Amino acid sequence: MPRYLVQRLLQAVFVLWAAFTTSFVVLYLLPGDPVSIMASGGGDTNDVSPEQIAGLKRVYGFDKPLIEQYGDRLFHALQGDFGISVQNGDPVTRLIADQLPATLQLTSAALLLATAVGAGVALAATYTRRRWLRQALLSLPALGVSAPTFWVGLILVQVVSFRWGLLPAIGNEGFQSLILPAITLAVPASAVIAQVFAKSLRTALAEPYVETALAKGASRRRVHFGHALRNAAAPPLTVAGMLVGNLLAGSVIVETVFSRTGVGRVTATAVTAQDIPVVQGLVVFGALAFVLANLAVDLIIPLLDPRITGAAAPAVTR
């Protein structure tokens, strides 16, 4: 177990470093630069003198050689300091921390909803003996995966909010304002969980121990929801951990559609303005959330199946 944990921690560190480095390289390959965008205010850069732009670049450290900028930003990032926003001058860490609670609330609700719905569909589809019902349930995940997130959100707003007037369409006020965004974000995630869980359950139910348990007098319900469920839990748990990153990415669209404040809205604004410090801080935060979620999954799975070792465990942080 200690070797297994050390291996996972080393993989987590590599993922964080790779996320930081990749975001740094990609952002600097984009045309233009954040200082010129900020100085122009969205207008003509000819209205700003070269001396003013050069002064701003010195303030934000963009006048240094690229490798020196990378080393300086990496050194400060290791201390939790991602610099200050080019757009408004606020510290990046504080900017993310201020918007984080709303996004965590949304993604946590979406993950719980996706897990419950996905597991429910998979269990019902593999337990029922009615062929038409099984086929209908197994066709739902394909629909969920193929439906674009923004389209689902717009349909929910149009029908539930505007036509029926049941729930608010925008904002962060109260529990009711969380329902539609959480459903929108959970639809594709629940579809993936349902697909993986249903396949894993079918595989587990085809194992010889199922026939043995039934022959010894165990009820079908006990075999399905006891023996098979536990042995089939590892793949969907792994997928649920991997979906954390997708949910954070999807929050950009969902928070925009429902006019919610949060990390997703900050991400969209920072990318548009090429606010490199903010984008890098957000990328590292997303990678950290992904790593922590998958590390938790890697520690839970061996408890469900002690046969899993460091070599055989699902490598979800690679």
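For clarity, every value in this text was computed on a predicted model and none was experimentally measured.
Taking both residues in full, the closest heavy atoms of Ala122 and Ala198 are given as CB-N, 3.6 Å, listed atom of the first, atom of the second, then distance.
Every residue meeting the side-chain contact (heavy atoms from CB on, under 4.5 Å) condition with Val266, not counting sequence neighbours, appears here in chain and number order: Leu95, Gln99, Val278, Leu282. Here His224 pairs with Tyr127 under the ring-ring contact (aromatic ring centres under 6.0 Å, His included) rule; sequence neighbours left out.
Between the side chains of Ser85 and Asp275, at least one donor-acceptor pair of N or O atoms lies under 3.5 Å.
With hydrogens and angles ignored, the 3.5 Å screen pairs a side-chain donor or acceptor of Ser146 with a backbone N or O of Leu143. Between the Asp72 side chain and the Glu68 main chain, no donor and acceptor come within less than 3.5 Å of each other. In this structure, the side chain of Gln69 engages the main chain of Lys64 through a donor-acceptor pair within 3.5 Å. One N or O on the side chain of Thr115 and one on the backbone of Leu111 form a donor-acceptor pair closer than 3.5 Å. Using a distance-only test at 3.5 Å, with no hydrogens or angles considered, no donor-acceptor pair links the side chain of Asn231 to the main chain of Ala204. With Ser161 contributing its side chain and Leu167 its backbone, the two residues share a donor-acceptor pair below 3.5 Å. Looking at Thr21, its side chain never comes within 3.5 Å of a backbone N or O of Ala18 through a donor-acceptor pair.
Hydrophobic cluster membership is shared by Ile179 and Phe150, with clusters built from Ile, Leu, Val, Met, Phe, Trp and Tyr side chains linked at under 4.5 angstrom. In the hydrophobic clustering of ILVMFWY residues, with side-chain heavy atoms under 4.5 Å counting as a link, Leu156 and Leu166 come out together. Cluster membership for Ile155 and Val187, using ILVMFWY side-chain heavy atoms within less than 4.5 angstrom, is shared. Leu229 and Tyr209 are members of different hydrophobic clusters when ILVMFWY side chains are connected at heavy-atom separations under 4.5 Å.
Around atom CZ of Arg222, no more than 12 heavy atoms belonging to other residues, nucleotides or ligands sit under 6.0 Å away. The 12-atom threshold is not exceeded at CD of Glu173, counting heavy atoms of other residues, nucleotides or ligands nearer than 6.0 Å.
Screening Val117, Leu113, Leu185 for a side-chain contact (heavy atoms from CB on, under 4.5 Å) with Ser190, the sole residue that qualifies is Val117.
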For residues 240-259, please give each side-chain donor-acceptor pair under 3.5 Å, one per line with the distance, not counting sequence neighbours.
{"residue": "Ser251", "atom": "OG", "partner": "Leu248", "partner atom": "O", "Å": "2.5"}
{"residue": "Glu255", "atom": "OE1", "partner": "Gly264", "partner atom": "N", "Å": "2.7"}
{"residue": "Glu255", "atom": "OE1", "partner": "Arg265", "partner atom": "N", "Å": "3.0"}
{"residue": "Glu255", "atom": "OE2", "partner": "Thr103", "partner atom": "OG1", "Å": "2.8"}
{"residue": "Thr256", "atom": "OG1", "partner": "Val252", "partner atom": "O", "Å": "2.7"}

